[in-house]
Trainee: 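Here you go, one structure.
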Amino acid sequence: MIESQSVRHLGSASSSMHRRTLSERLHLDLPLLGGLILLAGISLVVLYSAGGQDSGLLVRQGLRLGLALGVMFALAQVPPHQYRHWTPWLYGLGLLLLVLVEVAGDVGKGAQRWLDLGLFRFQPSEIMKIALPLMVARLLSNHTLPPDWRSLLQAGVAIALPVGLIARQPDLGTALLVASSGAFVVLLAGLRWRLVGGFALLAAALAPVLWMFMHDYQRQRVLTLLDPERDPLGTGYHIIQSKIAVGSGGLYGKGWLNGTQSHLDFLPERSTDFIFAVYGEEFGMLGALLLLAVFLYVVYRGLWIALQAQDSFGRLVGGSLILTFFVYLFVNMGMVIGLLPVVGVPLPLISYGGTSLVTLMAGFGILMSIHTHRKLLAS
Amino acid sequence: MAPKSALRDHIRENRLFLNRTVAAGIVVALLTAVLMVRLFYLQVVEHDTYTTLSHNNRVNIEPIGPTRGLIYDRNGVLLAENRPTFSLEIVPERMEDLEGTLERLAELIPIEASDRARFERGLHQKRRFEGVPLRVRLSEEEVARFAANRHRFPGVEIEARLTRHYPLGALTAHALGFVGRINERELQRIDPSNYAATQHIGKVGVEKHYEALLHGTVGYQQVETNARGRVLRVLERTPPVPGSNLYLSLDSGLQQVATEALGENRGAIVALDVRTGGVLALVSTPAYDTNLFVNGIDPETYKALQESPDQPLFNRSVRGQYPPGSTIKPFIALSGLEYGVTTPEYAVFDPGWYQLKGDSHKYRDWKRWGHGLTDMRKAIVESCDTYFYDLGFKLGIDRMHEFLSGFSLGQETGIDMDEELPGLLPSRTWKRGARGQPWYPGETLITAIGQGFMLTTPLQLANATATLASRGHGMTPRLVHAIQDPDGETDLQPPRPHPPLALRNPANWETVIAAMEAVVHSDRGTARRIGDDAAYTIAGKTGTAQVFGIKQDERYVEEEVALRLRDHALFVGFAPVEDPRIAVAVVVENGGHGGSIAAPLARAVMDYYMENLPQ
């Protein structure tokens, strides 16, 4: 409580000196927004091709994009201290919903992930993608960093509860991603490297245990990654076909709308999880590098925003959100080009679908909020 | 650990966070580098591999079956064609209410339970967008009925496929043969790529012998398919080359006449064009409808055909091996003249039997009381056995074997069919090899009258007769006389002459032929009843081949012998004598006497041919 007051006090002195631009009044970070719009544009271009030139699909995704940008804009207006205030409630709601899913969720694709709210179906794990980093950041930023053992223990429990529930659905991929979003907070908060190393070793030691708890299909995915040819028409099919798509794209690609792997249905899930394969096939390595560059630009802008944040809560939340964003894109691309097992993670901002888009944009809204509600210091 | 009340060390916290953020930035950069390296590996290093894989994914090679060549007779009458057969197919993908559609279809076109069962099986085997046959071999009426109601059945289609059809059916069965589904054994033999889109192959007869020409060359199209195998577009097309059309020397009218002449009899008639060796008629009765075999014959019908005592599947014309009986006598006479062991004037006294020195066995003449004093002409005209026992004894088996070989007896004639059997022209060597016994002189005697071990096919008899008619200038018999390639170029097949049979004295031909003419055209000739009213001259020889041996001093009473043990009736002949055009061999199984039973059939064939003689 003390530090936030002092920040407010320091900032108020210079606020009247600064004439605020339109973007500042709207609480938007234009460089970040530019990157996001660029990615959304690329998304629509690839989706037009991947979706079989279905303009209806494009319109639907455009509407979702609009909705997501609206959410982002709305969240950017909320000052960070409000997030800090509401964090426990949001986190609690998320946990409650996860428990509800456990009790009364719909089963989709062999896993119990969805909650039918009548109007739309909803994945409570999406809330946790935002709520968990907020919660952990709040817990840790209550005390001086680096965190002490008690804070670490609290953070550990805050992470373990939702992750455990999501893993039980079972949705191992999301569980790991949510866990990592919490872990990033702890890492950024200054967890000693020695402990980081210790945890890494522990994780490695626990891997066989994890293997034992995995479902058959999850084990299959890992085995398939190691050797896709062991089941070329079954679990290996996705990886083989997506590698063929990307590899046959070459340096310059086959050209927009000319990807044979995608247009002739060889590539599964080509609008959603495997959209990067379509992109790589049609735009080649040069196109892929361009996309990576835009992603990196967004990530580094995000990290920059986190660095600029004026309190630990903002830094930790901002840093964690943007690193999680990177993890999403890395895991998705790694999966498409055969580096990682097939997990159901969409390519952020590019894949077709609304849920992940809204969650991501909500995260960017919070980032913008952190950035644009700073009380500027006189330089 | 900072005390709770103390002001937090913001600078230290800031530095800590900066450190961590930079570390995170470095990890991000490293992981991005990993992605880039992997992209480089896939898209640059392994690009060619994946391009090939991608190409193979989408491009399929589909064979296109060639259209089988047609077969015509010498006058252009179609003997084998390709007819569209219609089947009713259902495309499951386009079907909304399968059960309802099937019910409504059943009101229109009868659908048996077996059709349903096959359809259900097909549903599981084929892909959703492929037609699954519900009914095959629709009648034209059914096709028309469906066509009128087609709009009520989206997703139901009539498929037309070309299937071999033999318009004359049984009439040309033994000459043409037929095609049938390719079996395991044939798969080993054929070039699988050329037959990739072919379901049928020639099984016997002309269809088999000319398979390579009739089949044609397979075509290919490169098609782009999607992941489910549906063809989206044709990228490249190499059209198939249709098979060549065949023109047979066969005359379907003559074939008809010969078949009708044989009637209910079991037997064979082979008629050859003396000048070219072309087969004018090749009939074996009873025959069968070859169309039954094209798409697989049903087991009951096949069993009935196979177990019939009349053996309709047995091609007697080229596979039936019969003792030639007396039809061999003109050739024996000719060899006697050729080897100088007799003269046309030399006469033998025939008391009704012949006896070898030091042997009590009496070799009987068919005429119990004998022919009396008999010269060569009389021996041929009246078919005297005793004369030929004597001549055979003088010739010996070795010279007989050598001379008769020149007429392609006891060997395959080389006709353009694969089923021909060689018959048997006995010799000392053969008997030692096959029976492990020496040759006995008595066997020479019965060989001279066409009995004993000797076996000939009707085709061989016709061929030998044609060689005799042409005075030694025999031709290899053949069915196909012209081949029309897919471009429409017709290639006439030149006759393939045997090595000419040159006699030391060509006049000997005339001696024997004159005697054969007298068989038909003289008062005492064994075939005189066919010569009376003929508009042209015929030379011939009757034959009666014993099916079982008659014991010494036993009389042959025709009525007492069971039908199947009765003699085979034979006749060989040619016409006209001065300028021979047609040579005919007739065998009527268990027909009895050649002169009364077989000769009139030959006359009917010759009449038709001479009346319709091409100028």
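A note on names: the letters A, B, ... follow the listed sequences, proteins ahead of strands, and every chain is numbered from 1.
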Trainee: Between A/I337 and chain B, with a heavy-atom cut-off of 4.5 Å, which part of the residue counts as in contact: side chain, backbone, both or neither?
Mentor: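 Backbone plus side chain of A/I337, per the 4.5 Å heavy-atom cut-off to chain B.
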Trainee: Quick check for you: to the nearest 0.5 Å, what is the distance between A/E281 atom CD and B/S54 atom OG?
Mentor: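 That separation rounds to 6.0 Å.
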Trainee: Please determine whether side chain to side chain contact (heavy atoms under 4.5 Å, CB included) holds for the pair A/Y300 and B/V28, giving the CA-CA distance in whole Å, both sets of side-chain angles, and the decisive distance to 0.1 Å.
Mentor: CA-CA 9 Å; A/Y300 281 106; B/V28 165; 4.0 Å; yes
Trainee: Can you tell me which portion of A/Y252 sits under 4.5 Å from chain B's heavy atoms? Options are side chain, backbone, both or neither.
Mentor: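 No part of it gets close to chain B.
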Trainee: If the test is side-chain contact (heavy atoms from CB on, under 4.5 Å), which one of B/N56, B/T51, B/T52, B/N57 qualifies with A/I244?
Mentor: B/N57
Trainee: Between atom CG of B/L31 and atom CE of A/M333, what is the distance when rounded to the nearest 0.5 Å?
Mentor: 12.5 Å
Trainee: Can you tell which part of A/L303 gets under 4.5 Å to a heavy atom of chain B, answering side chain, backbone, both or neither?
Mentor: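 Both the backbone and the side chain of A/L303 come within 4.5 Å of chain B.
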Trainee: Quick check: do A/F326 and B/V27 have side-chain heavy atoms less than 4.5 Å from each other?
Mentor: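 Of all side-chain heavy-atom pairs linking B/V27 with A/F326, none is under 4.5 Å.
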Trainee: Which residues in residues 36-49 of chain B have any heavy atom lying under 4.5 Å from a heavy atom of chain A?
Mentor: B/M36, B/R38, B/L39, B/F40, B/L42, B/Q43, B/V44, B/H47
Trainee: Measure across A/A306 and B/F17 and return the closest heavy-atom pair with its distance rounded to 0.1 Å.
Mentor: O-CE2, 3.5 Å
Trainee: Measure the spacing between OG1 of B/T32 and CZ of A/F330 and express it to the nearest 0.5 Å.
Mentor: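 That separation rounds to 8.0 Å.
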Trainee: Counting neighbours of CZ on B/R181 that are heavy atoms of other residues, nucleotides or ligands and sit closer than 6.0 Å, is the number greater than 12?
Mentor: yes
Trainee: What part of A/L316 is in contact with chain B, defined as an atom under 4.5 angstrom from a non-hydrogen atom: side chain, backbone, both or neither?
Mentor: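 Answer is both: backbone and side chain atoms of A/L316 are under 4.5 Å from chain B.
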Trainee: Is A/V246 in contact with chain B via its backbone, its side chain, both, or neither, using a 4.5 Å heavy-atom distance?
Mentor: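 A/V246 touches chain B through backbone and side-chain heavy atoms alike.
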Trainee: Grab the two heavy atoms, one from A/L188 and one from B/R20, that are nearest each other, plus how far apart they are.
Mentor: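 For A/L188 and B/R20, the tightest heavy-atom pair comes out as O-CG, 3.7 Å.
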Trainee: Might you confirm whether atom CZ of B/R12 has over 12 heavy atoms from other residues, nucleotides or ligands at distances under 6.0 Å?
Mentor: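 No, because the 6.0 Å sphere around CZ of B/R12 holds 12 heavy atoms or fewer from other groups.
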Trainee: Identify the two heavy atoms, one from B/E13 and one from A/H143, that lie closest to each other, and give their separation to 0.1 Å.
Mentor: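 So the two residues come closest at OE2-O, 4.1 Å.
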Trainee: Can you tell me how far the CD atom of B/E224 sits from the NE2 atom of A/H263, to the nearest 0.5 Å?
Mentor: 11.0 Å
Trainee: Side chain, backbone, both or neither: which part of B/A23 has an atom under 4.5 Å from a heavy atom of chain A?
Mentor: side chain
Trainee: Could you tell me which portion of A/F266 (side chain, backbone, both or neither) has an atom closer than 4.5 angstrom to a non-hydrogen atom of chain B?
Mentor: both
Trainee: I need the residue from A/A189, A/G319, A/P146, A/G280 with the largest number of non-hydrogen atom pairs under 4.5 Å to chain B.
Mentor: A/P146
Trainee: What part of A/L296 gets closer than 4.5 Å to chain B, counting heavy atoms only: side chain, backbone, both or neither?
Mentor: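 Just the side chain, heavy atoms under 4.5 Å.
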Trainee: Nearest 0.5 Å, please: how far is CG in A/L339 from CG in B/L35?
Mentor: 6.5 Å
